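Below is one structure; the comments refer to it alone.
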Amino acid sequence: MRKEIFNVVFVGHVDHGKSTVIGRTLFETESLPKGKLDQIRETCRRNSKPFEYAFLLDALKDEQRQGITIDSARCFFKTEKRNYIIIDAPGHIEFLKNMVTGASRADAAFLVIDANEGVMENSRRHGYMLSMLGIKQVSVLVNKMDLVNYNEGKYNDIAHEYNEFLHKINIKPVNFIPVSGKCGDNIMNNGDKMEWYRGKTVLQTLDTFEAYEDMEEKPFRMPVQDVYKFTSDGDSRRIVAGSVSAGILNENDEVVFYPSGKKSTVLSFESFGKYNSEMYPGKAIGFTLKDQIFVKRGEVATVNGQKKPVISKKLLVNLFWLGKQPMVFKKNYSFKLGTEKVNVKLEKINLVLDASTLENIDKKRIDRHDVAECVLKLEREIAFDTADICLGTNRFVIVDDYEISGGGIIRKSLDEEYDWVRNSVRIRNQKWMHSEIDRKTRWERYNQKPVVIMITGNENLIRKEIAKELEKQLFIKGKFVYFLSINNLLYGVDADIKLGKENNREEHFRRLAEIANIMIDAGMILVMTARKISRADLDLLSIGINVENIELVWVGEQIDTDMEIDTHISENYGVENAVGKIINSLNQKGFIFNPW
Ligand code: GTP
Ligand code: MG
């Protein structure tokens, strides 16, 4: 049977003894290769350097690194009960980066405080970060007790002070342990120096940490890492690959990918070894699907019928900022969650705290080492979970200029935007009176599939000319097509609303979508033009019309949008060529059936 692997991180202020405690633990548990200790003692002696237990850690890392790549701050060891990965957090920036990116997933933490120095800034910051990262099992080690003559009072003061702090940030420590990494007190055995403490030692505490919650009870989550094609001839299957964040997946399970909502059934597990009950967070899997659906990296695979992730692009988050530059409004950052990466802007700051003092600071930006509750606005929707469901789909990092500059957890979605539009569309769909003539019969009669061709691009271009010519050419070829000028709506359907006001824009696009929806239902090809349609406009439109029915044509040299353009028309193309290109694309995509 596979032994569980348990990840433990050691955090704390610089020089408080993290590496020493880890080194000593390795020593006491005889996890070191034979002769290693003597070898290192000898090297120290030769270099006239005092021996440090922390060196053992480095030596061990060197050994373990042979053959496998492990990140520099990790080492392995085992007890009777299970296997451990110990993460030594070297500096706190590295720590947060690793922790939040999931490079080092920790199930529990030891927070080390120097008995002589007492609680320092980073002791508190690290505590705060643990709480933000959702690491609830924390044991506090008051280290270097030998330096304070194993004084109980000194220990109690520190434990008391730090406990109060933890209480404020909602962490209930598993225990406090007075230790000496250097002398070995309370590491594996209690020893005789601190008769007044008969609680658990570091090793006993390790084995009492609880393993991750039962995987089987969690909904299945796997952020899609990549989709690989089989390379052999004629094999059109694709493997969807990623690492499991929670839950279990079985053959024949129906998977739904979010945010797209695409659905298929698991056909087989591939190439990553037999897929069995040995499931744990971080396990890499790959599977094929029954249907050839198009899935992108960044989507989250879930199992149909289980709890759905939240889909949103406006998030209330707790964020810890590490960037040299403060986080400011209006600036574009990258937001990374799981395998997803999307542009983000800071929209609102509710609260900024100094993470070491927990003092509330009133400011309009988030400085290095600040903790903030704020609102982030993503460029497009992502799928995420709340921290209690799955941390892997909850923790995020923010990248500024290629540097991880912040990270945190998502508290909830604030995406009430367009909610009423969505609602109205939902009701419309429910109340929709269906025709006796079904869609396909109509398509066959007209030799076309309905589509909205949205011609957009930079200003002062030949958009309208192209639109009119396109309508004409399609009509001549016997297609049912209509050029709907938005102007024609403004003074008619939109007569009661004034454009320019923000909520009127919503209403305008809602009406536009409703009209387009009726025409699509009627089987029409609809041509429209709009100057520089934005993603927000398109989002709004696509609430009312199925995105698969929208073809985006961009006119102009420079495509200055990140929307997926279906047809790109250069300025110097000429109307005729432009129309030819659009028609070609319609043909290829099967919107029109007759070959020309
Ligand atoms: P960084 O990785 O730099 O953040 O430090 P760290 O927390 O890993 O501390 P490290 O283990 O390197 O120890 C720092 C210094 O404190 C070393 O000189 C250790 O010998 C000393 N030290 C660590 N633990 C003890 C202890 O229990 N007693 C005494 N007297 N010294 C200790
Ligand atoms: Mg260290």
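What you are looking at is a predicted structure, and each value in this text was computed from that prediction instead of being measured. In what follows, every heavy atom counts, from backbone to side chain, and hydrogens, waters and symmetry copies are set aside.
A salt bridge does not link E52 to K49: none of the charged side-chain nitrogens sits closer than 4.0 Å to a carboxylate oxygen. Here D88 does not pair with K18 in a salt bridge; the nearest charged N to carboxylate O distance is not below 4.0 Å. Under the 4.0 Å criterion applied to side-chain N and carboxylate O atoms, K313 and E379 are not assigned as salt-bridge partners. The residues D385 and K307 are annotated as not salt-bridged, no charged nitrogen and carboxylate oxygen being separated by less than 4.0 angstrom. Between E42 and R45 there is a salt bridge, since at least one side-chain N of the basic residue sits less than 4.0 Å from a carboxylate O of the acidic one. Here K182 does not pair with D146 in a salt bridge; the nearest charged N to carboxylate O distance is not below 4.0 Å. With respect to E340 and R297, no salt bridge is recorded, no charged nitrogen being found less than 4.0 Å from a carboxylate O.
By the neighbour-count criterion of 12 heavy atoms within 6.0 Å, atom NZ of K331 is densely surrounded, having more than that number from other residues, nucleotides or ligands. Heavy atoms from other residues, nucleotides or ligands lying under 6.0 Å from CD of Q325 number 12 at most. Sparse packing is recorded around CG of D362, with 12 or fewer heavy atoms of other residues, nucleotides or ligands lying under 6.0 Å away. Residue K348 qualifies as open at atom NZ: its count of foreign heavy atoms under 6.0 Å is 12 or below.
Note that CG of L319 and CE of M327 are 5.5 Å apart. Values are rounded to the nearest 0.5 Å. Distance CD1/I113 to CD/E161: 8.0 Å, rounded to 0.5 Å. In this structure, T208 OG1 and N175 CG are separated by 7.0 Å, a value rounded to the nearest 0.5 Å. In this structure, CD1 in I285 is found 5.5 Å from CZ in F269, a value given to the nearest 0.5 Å. Put simply, SG on C183 and CG on L147 are 8.0 Å apart, with the number rounded to the nearest 0.5 Å. Interatomic distance, SG of C374 versus CG of N318, reported as 8.0 Å (0.5 Å rounding).
Ring pair W321/Y333 is perpendicular by interplanar angle, where above 60° counts as perpendicular and below 30° as parallel.
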request  = Take L289 and T265 through the side chain to side chain contact (heavy atoms under 4.5 Å, CB included) test and state the conclusion after the steps.
outcome  = CA-CA 5 Å; L289 296 170; T265 304; over 6 Å; no

key: Y155/W196 under ring-ring contact (aromatic ring centres under 6.0 Å, His included): CA gap, chis, key distance, verdict   = CA-CA 11 Å; Y155 162 79; W196 46 269; 5.4 Å; yes

query = Step by step, would you call S139 with T205 a side chain to side chain donor-acceptor pair (under 3.5 Å)?
reply = CA-CA 8 Å; S139 165; T205 305; 4.7 Å; no

key: ring-ring contact (aromatic ring centres under 6.0 Å, His included) between F209 and F110, intermediate numbers included   = CA-CA 11 Å; F209 283 136; F110 282 108; 5.5 Å; yes

task = Decide yes or no on side chain to side chain donor-acceptor pair (under 3.5 Å) for Y84 and D207, but give the supporting numbers first.
result = CA-CA 10 Å; Y84 288 95; D207 277 349; 2.5 Å; yes

ask   = Step by step, would you call D370 with R365 a salt bridge (charged side-chain N to carboxylate O under 4.0 Å, His left out)?
value = CA-CA 10 Å; D370 283 346; R365 51 164 213 238; over 6 Å; no

request  = Show the numbers, then the answer: is there a side chain to side chain contact (heavy atoms under 4.5 Å, CB included) between S334 and N343?
outcome  = CA-CA 5 Å; S334 283; N343 284 342; 4.3 Å; yes

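Taking the side chain as every heavy atom from C-beta outward, V224 and F257 approach each other to under 4.5 Å. Under the 4.5 Å side-chain criterion, counting only non-hydrogen atoms from C-beta, H369 is in contact with R125. F384 is not listed as a side-chain neighbour of P309, based on a closest heavy-atom distance of 4.5 Å or more. Using a 4.5 Å heavy-atom threshold, the side chains of L56 and L37 count as touching. Side-chain contact check for N304 versus K263: some heavy-atom pair is nearer than 4.5 Å. Contact check for F335 versus K345: no side-chain heavy atoms found under the 4.5 Å cut-off.
Between the side chain of S180 and the backbone N or O of M145, no donor-acceptor pair lies under 3.5 Å. Panel note: side chain N189, backbone G191; no donor-acceptor pair is recorded below 3.5 Å. Checked by atom type and distance alone, the side chain of H126 pairs as donor or acceptor with a backbone atom of G12 at under 3.5 Å. Although no hydrogens or angles enter the test, the distance criterion places a donor-acceptor pair under 3.5 Å between the side chain of T288 and the main chain of S268. D114 places a side-chain N or O within donor-acceptor distance of the main-chain N or O of E117, the cut-off being under 3.5 Å. Under a 3.5 Å cut-off, the side chain of D253 and the backbone N or O of N250 do form a donor-acceptor pair. When atom types are taken as modelled, the side chain of D226 and the backbone of Y228 share no donor-acceptor pair closer than 3.5 angstrom. A donor-acceptor pair is defined here as one N or O able to donate and one able to accept, closer than 3.5 Å; such a pair exists between the side chain of K218 and the backbone of I389. At least one donor-acceptor pair closer than 3.5 Å links the side chain of N143 to the backbone N or O of H16. At least one donor-acceptor pair closer than 3.5 Å links the side chain of T201 to the backbone N or O of M188.
Between G199 and N190, the shortest heavy-atom distance links the atoms O-ND2, 3.4 Å.
Of the residues D185, I187, V142, the one that meets the side chain to side chain contact (heavy atoms under 4.5 Å, CB included) test with V179 is I187. If you run side chain to side chain contact (heavy atoms under 4.5 Å, CB included) between L315 and each of L337, I410, V375, only I410 comes through.
Aromatic ring centroids of F27 and Y53 lie under 6.0 Å apart.
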Can you give the donor-acceptor pairs under 3.5 Å from side chains of residues 162-172 to other protein atoms, not counting sequence neighbours?
from: Y162; atom 1: OH; to: S123; atom 2: O; distance (Å): 2.5

